[in-house]
Structure formats: C-alpha cells, structure tokens
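Note that this is a predicted model, so its numbers are computed, not measured. Naming: A, B, ... by sequence-line order, numbering from 1 per chain.
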Amino acid sequence: MASATKSPSNPLVLVDGSSYLFRAYHVPYLQALSTSYGQPTGAITGVLNMIKSLQKDYPDGNIVVVFDAKGKTFRNEMYAEYKANRPPMPDDLRTQIAPLHDIIGAMGLPLLVIDGVEADDVIGTLANQASNLGMETIISTGDKDMAQLVTAHVRLINTMTNVEMDEAGVLEKFAVRPDQIIDYLALMGDKVDNIPGVDKCGPKTAAKWLAEHGTLEQVMAKASSVKGKVGEHLRNALSHLPLSYELATIKLDVDLPENVQDIKPSEIDYEKLITLSTQFELKRLLTETQQKIKQTSTIQNELPEKHNELKVDTNNYQTILTQTDFDTWLEKLKAAELFAFDTETTSLNYMDAELVGVSFSVAEGEAAYLPVAHDYLDAPEQLNRAHVLATLKPLLENPDIKKVGQHLKYDKNVLANYDINLQGIAFDTMLESYVLNSVTTRHDMDSLAEKYLGQSTIHFEDIAGKGVKQVTFNQIPLDKASPYAAEDADITLRLHKVIWRKLSEEKDLVNVFKEIELPLSPVLAKMEQFGVLIDSQKLAQQSQDLAVRILELEKEVHTLAGEEFNLGSPKQLQEILYKKMDLPVLKKTPKGAPSTAEEVLQELAINYPLPKLLMEYRGLSKLKNTYTDKLPKMINARTGRVHTSYHQAITATGRLSSTEPNLQNIPIRTEEGRRVRQAFIAREGYKIVAADYSQIELRIMAHLSSDKGLLNAFATGQDIHTATASEVFDTPLKEVSIEQRRNAKAINFGLIYGMSAFGLSKQLNISRFDAQKYMDLYFERYPSVLTYMESTRQIAKEKGYVSTVFGRRLYLPEINASNGMRRKGAERAAINAPMQGTAADIIKKAMLAVDDWIDTLPNDDVRMIMQVHDELVFEIKEHKLIEYKNKIISLMEQAVQLDVPLTVEAGVGINWDEAH
DNA sequence: GCACGACCCTA
DNA sequence: GTAGGGTCGTGCT
C-alpha cells in the first residue's frame, strides 16, 4: 500500500460513482448540507469533491464516471435473495442522483449508466478492455470487491482515504492475490449483499485456505479433510459456494455502447454548470465555473482578432442626457419587438414615489438610463421630466408596443400618478418566475439574476447605503445610478428570455401566466390606486376607549402580581406566572421556555384570575397597536384613503398577500374586533358590498375527489357540516346536535389542512383514539376523499409537485426529506395546496371577470376595493345597488365551471362590518 | 439598527 | 393540521 503516487501520463480513470455516492451520503458533515429550500446536496458535494480531487491528481487522465442503473440486475435473476436485505434507497439520497448526473454531464465527463448490470460490471469490462490494450487504468472506488480487477495495468485508488492499491497492495491488504479475490469473497460471503459464504469463515480463514490450496475449487475438493467446526461449516456450504462465486464475480464482458478507446470527454457546458450550481446552491462549483469562464474569455480576448470586443462588452450602457440621445433611443424602442422598462423613484411606496428616471433595454447588454430628477449637488443638467414623460406617454400607453419588466404593477402605479396609463405589458419577470416555481426562490430581481443567470447584480444598498444613512435615488450620483438602473433593464430582458424559455415548456403554466397572473396585475393596480375609505374619527375614538380599558387592566394585573412589569414582555410574564406565582407549566415554546400563549392562558384562567385579565389585555392592545392606532396613520393625504399593496408573488399556493396595511387580517371574530371593520366605509352616495364564496375549499375537495356523497351534499344545497355530521355520526339530518356539527366542522377543516388524528384530537380536545375513530368513519362515508388524499401524496412524492385544477404548480422540496417532521409537513402542504391554490385561481378569475364587467359600466358606479382570499369587497353606487350586487354574485359563481356549484353570499352595508 | 422569537390577527 | 403579515420585546452588533 502506498499513498497516491505520481500518475502515469494519461491513465484511464474509472470512477465508481455509486460507491462514492453511498459513502458521501453517510458522512456526517456532508449530511448537513442542503439548499435553502431543503433539497439535500451532501452526496452531490461529496462525489463532486472526489472527482475534483481525481482531476487534480490525474490532470491528463481520462475520467469516466460509472453509476448503477435503477432496477434489478442479472444477479437478481441468478439469485432472488441478492441484496434482499438492503433497505430501499433513502429518498433524500435518491433526489440527489439526477442532479449529480446532470452536473457530471455538464462537466463534460463521460457518464455510464447501464441497465441490468451494476457499476462494478461496467468498470470491470472497461478495465479488462483497457488492460488488454495495455492502457494504464486506475479504478477509483471504495469497494473492496474491485480488488479482483487489479492487474499489472490496473490499480485501485480509494479517493476518500487516498489509499492506492496495486497487485502487491492487494496481497498486503487481503493476504491473497487479486486473482484469488473472487474465491476469497465467495468463502466469506457478504452479509450486506446477502451472499451466503462459509459460516464463521472470515478474512483470516479464507486467506489461510487459499494460501494452502490456491483456489476455491481446490478448497472445496479438500473440504472433507478440514477439521473441527469450521470444516463442518465448509462442508455445509459446498452446495451454494459455486453460486456465491458467481455472484462475487464482476462481469468483464458487458455490452457497452462504446469501446474503451472511443470514450472521450465532451465540451464543458458552462451555462448548464452555472444553472445547476446556482439551482443546487453549490457555491464552490459556481465559483470555480465562473473563474474558468473568466479564464476562457481572457484567452479569447487575447486573440489578435478584436472584432467581437463590442459583443463581449456588457457595460455598453448609456446615460441619456441630451435630446439627441433621447431621440435615438425612442427610435430603438419603437423598432424593438419587445423592450425592457423600469422606473427609478424616491420611494418603495407607490403612492409616495416620485419619478427620478427611467431605463430601457432593447437587446442583451444594450441598455440606457434616462435620469430626469437627480438633484444632488453638482448634478448634471438632465432632460425635463414633464417633457420626457409627455414624449414617452404615447409609447407607454400603446398596447401594441410590447414591454417586459420586473414587477411592473409598481411602475404602472407610479406612472399613474403622472397621468400615464402603462399598457402593452406583455411579460413580467416576477410573475414568470412565480408561476414557474413559486417556492425555490424569492422573486425579486436580485434573487432571480442569481438563480437564473448566475449573476450578481448591483444591489440598491450598494449605491444608496442602508439603514438611516440610506439616500433616495434622486440623491445618487449618475456615475453610480446609471449602471444600476440600466442594469435593471438589461437584466430584466435577459431574465425574461431565460425564464420564458423554461415556462414555455409547460403549457399549463403558460396558461396560468397568460390567463390569470398577467391580466390580474393591472386589476390589482387599479384596486391599490383607488384605495379604501377609512373613518379615522371612529378609529381615534376606539383607540381612546381601548387605552382607558388597557390601563385599568394593567393596574389590576400589577396588583395581582404584586409588582409592576411589562405585560407585553413574554419573558417578564414567564417570571411572574411560573416563578413568582408558581402556576403549572402546561406547554413550552419551541425553544423550551414555558409558553404564555393564548391556549395556555385559557387553561390557566379556569383556576387563576390573572391569566384571564391578561388575555383581555393582549386582545385589546393588539387591537389598538395594530389596527385602531395604525390604520388612520396609513391614510394618504392626497386621496384621503388607505392604499394597500397586494403582493402577487409571495405565497406558495397562489394566494395574494397584502401589506402596508395588511387588509387581509382585519378582525372579525370578536365584537370589539368587528368595530374596526365599522371604520371601513364608502364614499357619499355609495355603499359597501362584501361578497364571499361559501365553503369554497370544501367544494373544491368535492370536485377534486369526485366523491359522490360530498358532490351530492353540495348539489342539493345542504349545510355541509351538518351533512357531514349526519353521515359520520349516523344521525338523521334533522337530529344533528350542535356538538356533532361542531365536530364535523373540525373534521372538514382538518381535511383541508392535511390533518392527522393527532391534530384533530388536539383541536377537539378528545383522545387520539377517538379522533382516529372519527376520521375512519369519515373516510368510510366519503371513500373517494381518502383515495384522493392518498393519490395526492403519491403524486407529490413522484413528481415533487402538486397542481391546482387550472394547472398552477406547487413544488414541495421536502416531500421526500429524511427528516420525518419535515416530510410530514410537506405532505400536509401537498394535501392543502391544490385546494387553497384552486380557490386562489378561482377568485382571481372572478376578479378578472368582474373587472371586465366594471369596464363596461358608463359611470364610476362600481369599484372593487379589496380582496380577502375568498371575499371581494366593493363600493357601489346606491341607485343600482341590488342589481349590481346580483350581477357580481353571478359573475363570481360562474367564474369557473366545476363539478360542484359555487355559491356566493353577498351583503350590503354602510360599512364593512354591516355588509357581512 | 437589525434579526429573531413569541404572539396574534385573517382565510 | 394549511397559507399569510404586523407588533413587540430581546439580544446582538
């Protein structure tokens, strides 16, 4: 044995990929590796590191990587029990194989995966061919069985331990010659592969016998003369030893697509390597690839021809300061089939944002920034904003001039404040990325550039600073602002090309993008711009009332506790409750501290006075801090209304989210909470109409599962929870008790959330056993629901994603995770996503239909002002209130056609609370 | 000044 | 048991 010695000039290096894959998978520090979205990458990293090390040790070597194929091999046919004791490949290893193959392929290394045989056999065949041709061959493996392949020309190297073995090495290690290894292995058998050998015969005995008799055949012939227990074992093994010998023999004559001398590396696919290393967050591979690209392009640049210099130059960005340059670019924009467009402003809030400049890109690397309002000291003279906008207006408003942008809803809103109605939005990279895969990345431009282009962009913080020292865009010098702004447009166009190519491959996704997300964006913009009217006086009064009550509660609590403390601090509260007052600890937080959460307080409130007061305190201070104090502050001075932002590319499932303020979590469950809703009012002469889908997710479950009982219950218009209770508890509809209905409701909700018996038992405060009984009963009555749940889980595991009725996809990176908690969590998400996601699709389609209808109305009679997942809220003029309300109900109910009817309930009121 | 956990509001 | 956002207190930089 010797450590890696100098290699022959250009050896054939055969890599046993599968053996390294398994070994790397079990290395602790590699096991910890995974992407930010939960895809394990330890085994990939391990194998790549190993290949890298081989490339370093054998710079001129011809590296060929061999993997086991999926499925059975000829050895299984020979011996049904072969490897029967092996557990199936863990899912978190399986998911690493395809990416690893892709990466190795992109590295240009020949990759062999041959059906019906193992990697050993392919390596054996290649080594044999090479050895016959007198080629120096190195087999890189961690598998001792390969020692049988060692010859004068063939050596083994274990790249993980860096131990190399030639013929002498084999003899030293195993005390038998390479040509005796098969005999040696047959005698010992192999527990892991389930190959029978001679009982109690280990390496020592096997080597001893082979030293005495030379071959297995001779050992068997002399079996009768072997004394003692071992002799007996040997004689017992005689009948199966020939089979063991055969199983241990590596094939040398596998049918291969190419002969060894014809296997050559191919070109390195840098682009693919960048994509893959970015996708799987393989930092080292990414850096090395980028370095190699740099080296390669440097070499190209050093070539005498300079004709491609312009092409390579990615900094061909212009700053437009003169009318002449502006005119030139206007022509470019008009001539372009599609151009990228971006605005630079003073604020992320579209209502406050002032336009500072615009940027364009018409081709990769060809971009310009047109500043109009930089006003730092010594700022150069710029074109006049009003003039620029007036000139651009016809272009920007022309629906036939196609634009692409990143999150253009924002730009559309900003431009609306300058009386420009941005049209011709053909693509939006944020939405493209979101539809393509909602979960593997955030959808901001910096993240997208990293993921899809493998490029790091100039970040806003790089040029504007951060924290309190951050300046607004008008303060940023043009030498910094221009490259940033032009790059935004340039990158957007590049991103569009890459993402759209991927998206185009999936018809369903293109459909979701074109028919739902892209047209929805301007509808949301309209809702945001219009805003919601808030009665700030009413909220101010509520705040005052709340303040009084909160102060009272604080005093009472302090008295009970015997000291003053901050009721808002869970930490201080813990001290008081569990240390000072010595209350029982019912539950702990994930970090191990005793919990003071609502459900705990509720339990404690039965026996102690303080928790009850605290619950009231919490409820009221939440109300005051989050709603009654904050909402009036969000009123825009110009419009007198509140303008939320609807985020279209945040949630995994396709729902919208709302911020600044969040209008999707306004209280409704308690009386005090509902008062906040009373402050959501309509303009003079208008009323609030709130229309919501009833039981939409359960209806979708009925549609998706095609369950007869469930479909029938909806078709006949029954109260679904009562109907469920009637079935599950075998009670006539009319005799269903309140308690039974409540339980049925919990089951129904649980199903939507992918529940377990454990979860249901907690929800209903019953035993796990009873919960399981309920669930069993449910599935007995609605068997197709069970089938649907199971097949959804199955599909998720196989494909890695689930889909909505309209083809939207949700990827579940952790669906095959080895961590049980994570896997189970992904399974629940897989169950929930098609229902929640389809509901999101439906209301989005309804919004489009309603918006189309609103556009046909002559006056400003109807305004869609809010969306809360299954509810749309409108401001409607009083004169045709009922007619319009009914029209909206019908549009929402007919928005899509499912196997169940959709029903919408709508209410009217002078405020949002009354409209419910 | 910022990130994070605990808590609580919604569908 | 699903999907979100906002506020507060706390502890680190």
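Across all strands, G750(A) comes closer than 4.0 Å to base atoms (heavy-atom distances). Backbone-only contact: F758(A) has heavy atoms under 4.0 Å from sugar-phosphate atoms and none from a base. At a threshold of 4.0 angstrom between heavy atoms, the contacts of D692(A) with the nucleic acid are absent. Across all strands, Q572(A) comes closer than 4.0 Å only to sugar-phosphate atoms, never to a base (heavy-atom distances).
A heavy atom closer than 4.0 Å to some atom of DNA chain C occurs in no member of residues 766-780 of chain A. Non-hydrogen atoms lying under 4.0 Å from DNA chain B are contributed by T589(A), P590(A), K591(A), S595(A), T596(A), A597(A), E598(A), all within residues 576-606 of chain A. Of all the residues in residues 653-671 of chain A, R655(A), Q664(A), N665(A), I666(A), P667(A), I668(A), R669(A) reach under 4.0 Å from DNA chain B with at least one non-hydrogen atom. A heavy-atom distance below 4.0 Å to DNA chain B is reached by none of the residues of residues 642-649 of chain A. Proximity of residues 829-846 of chain A to DNA chain C (heavy atom under 4.0 angstrom from any strand atom) is restricted to A829(A), N832(A), Q836(A).
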(request) Would you please test S438(A) and R808(A) for side chain to side chain donor-acceptor pair (under 3.5 Å) and show each step? (result) CA-CA 10 Å; S438(A) 65; R808(A) 182 192 301 279; over 6 Å; no
(request) Test S784(A) against S706(A) for side chain to side chain donor-acceptor pair (under 3.5 Å), laying out the working first. (result) CA-CA 7 Å; S784(A) 300; S706(A) 305; over 6 Å; no
(message) Assess the residue pair F530(A) and R641(A) against the criterion (side chain to side chain contact (heavy atoms under 4.5 Å, CB included)); give the C-alpha distance rounded to whole Å, side-chain angles, the decisive distance to 0.1 Å, and a yes or no.
(response) CA-CA 8 Å; F530(A) 190 69; R641(A) 301 170 69 103; 3.2 Å; yes
(message) Determine whether L610(A) and V557(A) satisfy the following criterion, side chain to side chain contact (heavy atoms under 4.5 Å, CB included), listing intermediate values before the conclusion.
(response) CA-CA 6 Å; L610(A) 197 150; V557(A) 170; 4.1 Å; yes
(message) Working note: E450(A) + D446(A), criterion side chain to side chain contact (heavy atoms under 4.5 Å, CB included); need CA distance, chi angles, decisive distance, verdict.
(response) CA-CA 6 Å; E450(A) 290 275 355; D446(A) 291 343; 5.7 Å; no
(message) Does E603(A) form a salt bridge (charged side-chain N to carboxylate O under 4.0 Å, His left out) with K587(A)? I'd like the steps, not just the answer.
(response) CA-CA 11 Å; E603(A) 190 72 25; K587(A) 200 186 140 217; over 6 Å; no
(message) For a side chain to side chain contact (heavy atoms under 4.5 Å, CB included) check, start with the C-alpha distance between V908(A) and I688(A), then their side-chain angles and the critical distance, and finish with the verdict.
(response) CA-CA 6 Å; V908(A) 177; I688(A) 296 287; over 6 Å; no
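Under the 30°/60° scheme for interplanar angles, the aromatic rings of H643(A) and Y350(A) are found to stand perpendicular.
Closest approach of D913(A) to Q678(A), counting heavy atoms only: OD2-NE2, 3.0 Å. Residues Y646(A) and I865(A) come closest through the heavy atom pair OH-O, 3.8 Å. Listed here is the closest heavy atom pair of I842(A) and V896(A): CG1-CG2, 3.8 Å. The heavy-atom pair separating S543(A) from D629(A) by the smallest distance is OG-OD1, 2.6 Å.
The existence of a salt bridge linking R549(A) and E616(A) is confirmed by a sub-4.0 Å separation between a basic side-chain nitrogen and an acidic carboxylate oxygen.
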So which protein nitrogen or oxygen atoms get under 3.5 Å of nucleotides 11-13 of chain C's nitrogens or oxygens?
from: dG11(C); atom 1: OP1; to: K571(A); atom 2: NZ; distance (Å): 3.0

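Screening D508(A), I516(A), D428(A), L509(A) for a side chain to side chain contact (heavy atoms under 4.5 Å, CB included) involving V435(A) leaves a single residue, L509(A).
A donor and an acceptor atom, one from each side chain of T651(A) and Y434(A), are located under 3.5 Å apart.
Of the candidates dG5(C), dC8(C), dT10(B), dC8(C) carries the atom nearest the N625(A) side chain, counting heavy atoms from C-beta on. Side-chain proximity of T626(A) to the nucleotides dC8(B), dA11(B), dT7(C) is greatest for dT7(C). Out of dG6(C), dG1(B), dA11(B), the shortest distance to the side chain of V868(A) is found at dA11(B). Minimum atom distance to the side chain of P570(A) is reached by dC7(B), of the listed dG4(C), dC7(B), dG1(C).
Other residues, nucleotides and ligands contribute only 12 or fewer heavy atoms inside 6.0 Å of the CZ atom of R442(A). More than 12 non-hydrogen atoms from other residues, nucleotides or ligands lie less than 6.0 angstrom from NZ of K580(A).
Within 3.5 Å, no donor on the side chain of K622(A) pairs with an acceptor on the base of dC9(B), nor the reverse.
The interatomic distance linking I700(A) (CD1) with dA11(B) (P) rounds to 16 Å, in whole Å. Taking atom NE2 of residue H869(A) and atom P of nucleotide dG5(C), one finds them 9 Å apart after rounding to whole Å.
Using a 4.5 Å heavy-atom cutoff, the side chains of L577(A) and T596(A) are in contact.
The side chain of K762(A) contributes an N or O atom lying less than 4.0 Å from OP1 or OP2 of dG1(C).
Under a 3.5 Å cut-off, the side chain of Q648(A) and the backbone N or O of E517(A) do form a donor-acceptor pair.
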